[in-house]
Amino acid sequence: MSSDPNIVSAAPGPSETAGLKRQPRVIRISEADRHVGELVEVQGWLYNLRKSGKIVFPIIRDGSGLMQCVAVKNNLPEEIFDTLKNLTQESSFTVTGTIRAESRAIGGFELDVTDAKLVQRVAEDQPYPITPKDHGVDFLMDHRHLWLRSRRQHAAVRVRHEVVKGIRDYFDSHGFTLVDTPIFTPAACEGTTTLFEVDYFGDEKVYLTQSGQLYNEANAMAFGKVYCFGPTFRAEKSKTRRHLTEFWMVEPEMAYADLEEVKRVAEDLVVYLVGRVLENRQEELKVLERDMSKLETVRAPFPRMSYDEAVKILQSKGSEIEWGGDFGNADETLLTQDFDRPVMVDHYPAHIKAFYFQPDEQRSELALGVDVIAPEGYGEIIGGGQRIHDLALLEQRLAEHDLPREAFEWYLDLRRFGTVPHGGFGMGVERFVAWMCGLEHVRETIPYPRMLYRTRP
RNA sequence: UCCUCAGUAGCUCAAUGGUAGAGCAUUCGGCUGUUAACCGAAGGGUUGUAGGUUCGAAUCCUACCUGAGGAGCCA
C-alpha cells in the first residue's frame with residue numbers, strides 16, 4: 001500500500017466488507033507499477049486514440065504520465081465503448097480498469113477497461129489545435145497554455161522543478177538563509193543594462209529589479225550567508241536563444257568570502273545540481289533525448305583560467321578578440337570546446353565589469369570577478385565575484401560611473417558599519433535548465449516565456 | 001537598434017510567370033493488438049497587407065506588418 005500523500009481520494013480500507021460495492025482506488029499513472037493486477041481509476045485527458053473496429057486504444061494523460069487503455073466492444077456495455085470510441089483529442093474523462101504490465105505500451109503498463117466516464121468532450125468543429133504532427137515554434141508559442149501538455153514540454157518543466165528544488169536544498173543545507181530582495185527597486189543595481197520602468201502611483205518612478213545583489217550584500221552583513229531567488233527583469237532588446245526579458249536567478253552572497261570561496265561554492269552547486277538531475281530526472285532526459293554522457297562528466301574540479309589566459313587561448317583558436325574586450329557567444333563556445341565540464345574564467349578587466357567589483361591587489365586594472373561558462377555552447381550560466389568592501393574605493397567607483405550618490409547611501413552604509421570582504425554570484429535558472437535538457441532555446445525552460453516580441457499568453 | 005531568412009487550407013509543407021496541391025487534423029464508412037495505426041471517401045483557400053510590372057503574379061518589384069535566426073548587451 002502506498003503512502004503517497006498526493007492521493008486524496010478515498011481508498012478501500014481494511015474495513016471494507018464484501019457487501020459494499022467496491023470503489024476503485026484513484027491512482028496516478030506514475031505509480032502504476034505499484035498497482036499491477038488492481039482495479040483502479042485514472043482521471044485525465046485523451047492524449048491519442050487508435051481504433052480498429054471492435055477494439056479501441058485510448059491513451060490517457062493524467063499529468064504524471066501516459067497510459068494506454070484497451071477497450072473491447074464485446075466485453076463492455078455499448079454506451080461505455082461508444083464513449084471511448086468517440087473521444088476527441090484532449091477530451092477529459094475518467095477510466096476504470098485493471099492494470100497489467102505490457103511492454104508494447106508506452107510507459108510499460110496497460111489498463112483493461114471496465115468503466116469510463118466522460119467529463120467534457122472537445123467539440124469536433126473546434127478541435128484541439130496541437131495535433132500529433134509537427135508544428136512551428138510561432139504556432140506552439142501562441143498556444144503555450146496548451147503546449148505545456150506535450151511530453152517534451154512536460155519533461156522540461158519537471159527538470160526545471162528539480163533544478164529549483166535542488167538550488168533551495170543546496171543552500172538551505174549549507175548554512176544559507178533565504179532573504180528575499182525587492183522586485184520594485186528605486187534605481188539601477190548596475191547602471192549598465194536597461195530597466196523596465198513602472199509607474200508607482202504617479203509621483204514616483206520605480207524599476208523592476210535586474211538583480212537582488214545590492215540588497216543581498218546588506219543581507220549578508222546581517223545573516224552571514226544568504227541567497228535570494230526570484231524573477232529578474234532585463235529590458236535589453238536581446239533577440240537570441242539565450243535571452244528572456246523575465247527570467248529566474250538565484251543569487252547567494254557571503255560575508256567574509258573572497259573570490260576563491262565564491263568559485264568553490266559555484267562549482268560545488270553546479271556539480272550538485274547536475275548530479276541531482278541525472279539521479280532524479282532520467283525519464284525526462286530520455287524524453288528530451290538528452291545525451292546524458294555529456295552531463296555525467298561534470299565533476300569537480302572545473303578547469304580554471306584567468307581572463308589573460310582565456311584571451312590567449314581564443315586568439316590561438318582564431319578568434320579576433322583583443323585584450324580588454326568581452327567574450328561573444330562564439331568565444332564562449334570556443335573556450336569550452338576542449339573540456340567536458342564547465343570552465344571558470346576570472347580576473348576580468350575592470351572596465352567590462354560592474355562598478356562594485358573588488359580590484360586585484362597586484363593589478364588594479366583587473367576585477368575579482370568570475371564567470372562559469374557551460375559546455376556545448378550554453379554560455380555563461382554564472383557570473384559573480386568579490387565585492388568592494390572599502391568605503392573610499394566604492395565612493396570613487398560610484399563617481400567614475402556617474403551614479404547618483406544619494407541613491408546609494410544605504411549601500412555605502414554597509415562599508416561604514418563593520419565592512420568585511422564579501423562576495424557571491426548569480427546563476428540563471430533558464431540557461432542552466434536549457435543546458436540540462438539539451439534545448440536549443442531558453443524559451444522552453446520556463447512555462448510562460450517573456451521575450452522581446454512575446455508577452456502572450 | 002542593425003544584418004539575414006520566412007509568411008500558401010486549422011497545422012506542416014509543395015507548386016520557380018500559365019487551371020493552387022499533399023500529409024496530418026475534422027466529418028462519414030471499414031477493420032479485435034494498434035504504436036505519430038492503417039484503408040476508402042468528403043468538406044476545407046481573397047497565397048501576411050497595400051500598391052506596382054505583365055495578356056496573365058503564390059512566383060518579379062516597392063513599402064509596410066508579423067515571426068524566426070544572428071550581432072551588440074547580458075544570466
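Convention: sequence-line order gives letters A, B, ...; per-chain numbering from 1.
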Between Glu430(A) (side chain) and Trp248(A) (backbone), is there a donor-acceptor pair under 3.5 Å?
yes
Gap between atoms OH and P, on Tyr453(A) and rA68(B) respectively (whole Å):
9 Å
What is the nucleic acid contact for Leu244(A), judged by heavy atoms within less than 4.0 Å: base, sugar-phosphate only, or nothing?
base
Could you check whether Arg443(A) gets within reach of a base, just the sugar-phosphate, or nothing at all, counting any heavy atom under 4.0 Å?
sugar-phosphate
May I ask you to check whether Phe355(A) and Phe408(A) place their ring centers less than 6.0 Å from one another?
yes
Electrostatic pair Asp138(A)-Arg454(A), nearest N-O below 4.0 angstrom
yes
Pairing partner of rG17(B), by Watson-Crick or G-U wobble and under 3.5 Å for both distances, is none
Parallel, tilted or perpendicular: which describes the rings of Phe432(A) and Trp435(A), with under 30° parallel and over 60° perpendicular?
perpendicular
May I ask you to say what Gln126(A) touches in the nucleic acid, namely base, sugar-phosphate or nothing, with a heavy-atom cut-off under 4.0 Å?
nothing
Strictly by Watson-Crick or wobble contacts shorter than 3.5 Å, is anything paired with rA22(B), and which nucleotide is it?
rU12(B)
Side-chain donor or acceptor of Gln43(A) paired with backbone N/O of Asp62(A) under 3.5 Å
no
Determine which nucleotide pairs with rU47(B), using a 3.5 Å limit on both distances of a Watson-Crick or G-U wobble pair.
none
Would one find a side-chain N or O of Lys239(A) under 4.0 angstrom from OP1 or OP2 of rA68(B)?
yes
What about Thr131(A): does its side chain form a donor-acceptor pair under 3.5 Å with the base of rC24(B)?
no
Okay, side chain of Arg431(A), backbone of Arg242(A): is any donor-acceptor separation there less than 3.5 Å?
yes
How far apart are the C-alpha atoms of Phe57(A) and Lys51(A), what are their side-chain angles, what is the distance that settles it, and do they pass the side-chain contact (heavy atoms from CB on, under 4.5 Å) test?
CA-CA 6 Å; Phe57(A) 301 95; Lys51(A) 48 187 166 183; over 6 Å; no
Just by modelled atom types, is the Val122(A) backbone N or O under 3.5 Å from a matching donor or acceptor in the Ser91(A) side chain?
yes
Any residue of residues 153-166 of chain A with a heavy atom less than 4.0 Å from an atom of RNA chain B
none
C1' gap between rU16(B) and rG21(B), integer Å:
16 Å
Need one value for Gly379(A): base, sugar-phosphate or nothing, where a base atom within 4.0 Å counts as base even if backbone is also close, heavy atoms only.
nothing
Closest approach to the side chain of Gln68(A), judged atom by atom: which nucleotide of rC73(B), rG33(B), rU1(B) is it?
rG33(B)
Is rU59(B) paired to anything, Watson-Crick or G-U wobble with both distances less than 3.5 Å, and if yes, which nucleotide?
none
Taking rA75(B), rU32(B), rG69(B) as options, the one with an atom nearest any side-chain atom of Lys54(A) is rU32(B)
Is there a donor and acceptor pair, one atom on the side chain of Glu110(A) and one on the base of rG33(B), closer than 3.5 Å?
yes
Answer with base, sugar-phosphate or nothing: what part of the nucleic acid does Val137(A) contact at a heavy-atom distance below 4.0 Å?
nothing
Tell me whether the OP1 or OP2 atom of rG33(B) has a side-chain N or O from Arg100(A) closer than 4.0 Å.
no
Separation of rU12(B) C1' from Ile130(A) CD1 (nearest whole Å)
14 Å
How many whole angstroms separate atom CZ of Arg242(A) from atom P of rA68(B)?
15 Å
Rounded interatomic separation in angstrom, taking CG from Asp125(A) and P from rC28(B):
12 Å
Determine whether the aromatic ring of Phe247(A) stacks with the base of rA75(B), defined as ring centroids separated by less than 5.5 Å and ring planes inclined by less than 30°.
yes
Does any residue of residues 303-333 of chain A have a heavy atom under 4.0 Å from RNA chain B, and if so, which ones, in number order?
Asp326(A), Asn329(A)
When the P atoms of rC24(B) and rA36(B) are compared, how many Å lie between them, rounded to an integer?
14 Å
Rounding to an integer number of angstrom, what distance separates rU34(B) and rU59(B) when you compare their P atoms?
47 Å
Minimum-distance nucleotide (side-chain atoms of Pro127(A) versus rA25(B), rU27(B), rG69(B))
rA25(B)
Partner of rA41(B) under the Watson-Crick or G-U wobble criteria, both distances under 3.5 Å, comes out as rU27(B)
Pick the C1' atom in rG69(B) and in rG51(B), then give their distance to the nearest Å.
30 Å
Using purine N1 to pyrimidine N3 plus N6-O4 or O6-N4 for Watson-Crick, or N1-O2 and O6-N3 for G-U wobble, both under 3.5 Å, which nucleotide pairs with rU66(B)?
rA6(B)
Presence of donor-acceptor pair under 3.5 Å, side chain of Arg431(A) and base of rC74(B)
yes
Look through every strand shown and name the nucleotide pairing with rU34(B) as Watson-Crick or G-U wobble, where both distances are under 3.5 Å.
none
What I want to check is whether an N or O donor and acceptor connect the side chain of His135(A) with the base of rC11(B) at under 3.5 Å.
no
Taking any heavy-atom pair under 4.0 Å as a contact, classify Lys73(A): base, sugar-phosphate, or nothing.
nothing
Pair assignment for rU1(B), Watson-Crick or G-U wobble, requiring both distances under 3.5 Å
rA71(B)
Tell me the interatomic distance from Phe139(A), atom CZ, to rA9(B), atom P, rounded to whole angstroms.
12 Å
Which comes earlier along RNA chain B counting from the 5' end, the contact point of Glu124(A) or that of Ile381(A), where each point is its nearest nucleotide?
Glu124(A)
Specify the separation, in whole Å, of atom CG of Leu49(A) and atom P of rA25(B).
11 Å
Taking Glu251(A)'s backbone N and O only, do any of them form a donor-acceptor pair with Asn216(A)'s side chain (distance below 3.5 Å, no angle check)?
yes
Contact under 4.0 Å: His441(A) side-chain N or O vs rG69(B) OP1/OP2
yes
Relative to the ring of Trp323(A), is the ring of Tyr307(A) parallel (under 30°), tilted (30 to 60°) or perpendicular (over 60°)?
perpendicular
In Å and rounded to the nearest 0.5 Å, what is the CG to CD1 distance from Leu87(A) to Ile59(A)?
12.5 Å
Looking only at atom C1', what distance separates rU26(B) and rG10(B), rounded to whole Å?
9 Å
Regarding Asp112(A) and Arg100(A), does a basic nitrogen lie under 4.0 Å from an acidic carboxylate oxygen?
yes
Roughly how many Å apart are rC60(B) and rU54(B), using the C1' atom of each and rounding to a whole number?
10 Å
Just the rounded figure in Å: distance from P of rU34(B) to CG of Leu87(A).
21 Å
If I pick the P atom on rA57(B) and the same atom on rG52(B), what distance separates them, to the nearest angstrom?
12 Å
Go through rC31(B), rU32(B), rG70(B) for me and flag the one nearest to the Asn74(A) side chain.
rU32(B)
Leu452(A): what forms a side-chain contact (heavy atoms from CB on, under 4.5 Å) with it, not counting sequence neighbours?
Lys237(A), Lys239(A)
Taken to the nearest 0.5 Å, the spacing of Phe109(A) CZ from Glu102(A) CD works out to 11.0 Å
Could you state the atom-to-atom distance from CD of Gln89(A) to C1' of rC11(B) in whole Å?
12 Å
Looking only at atom P, what distance separates rG70(B) and rG29(B), rounded to whole Å?
49 Å
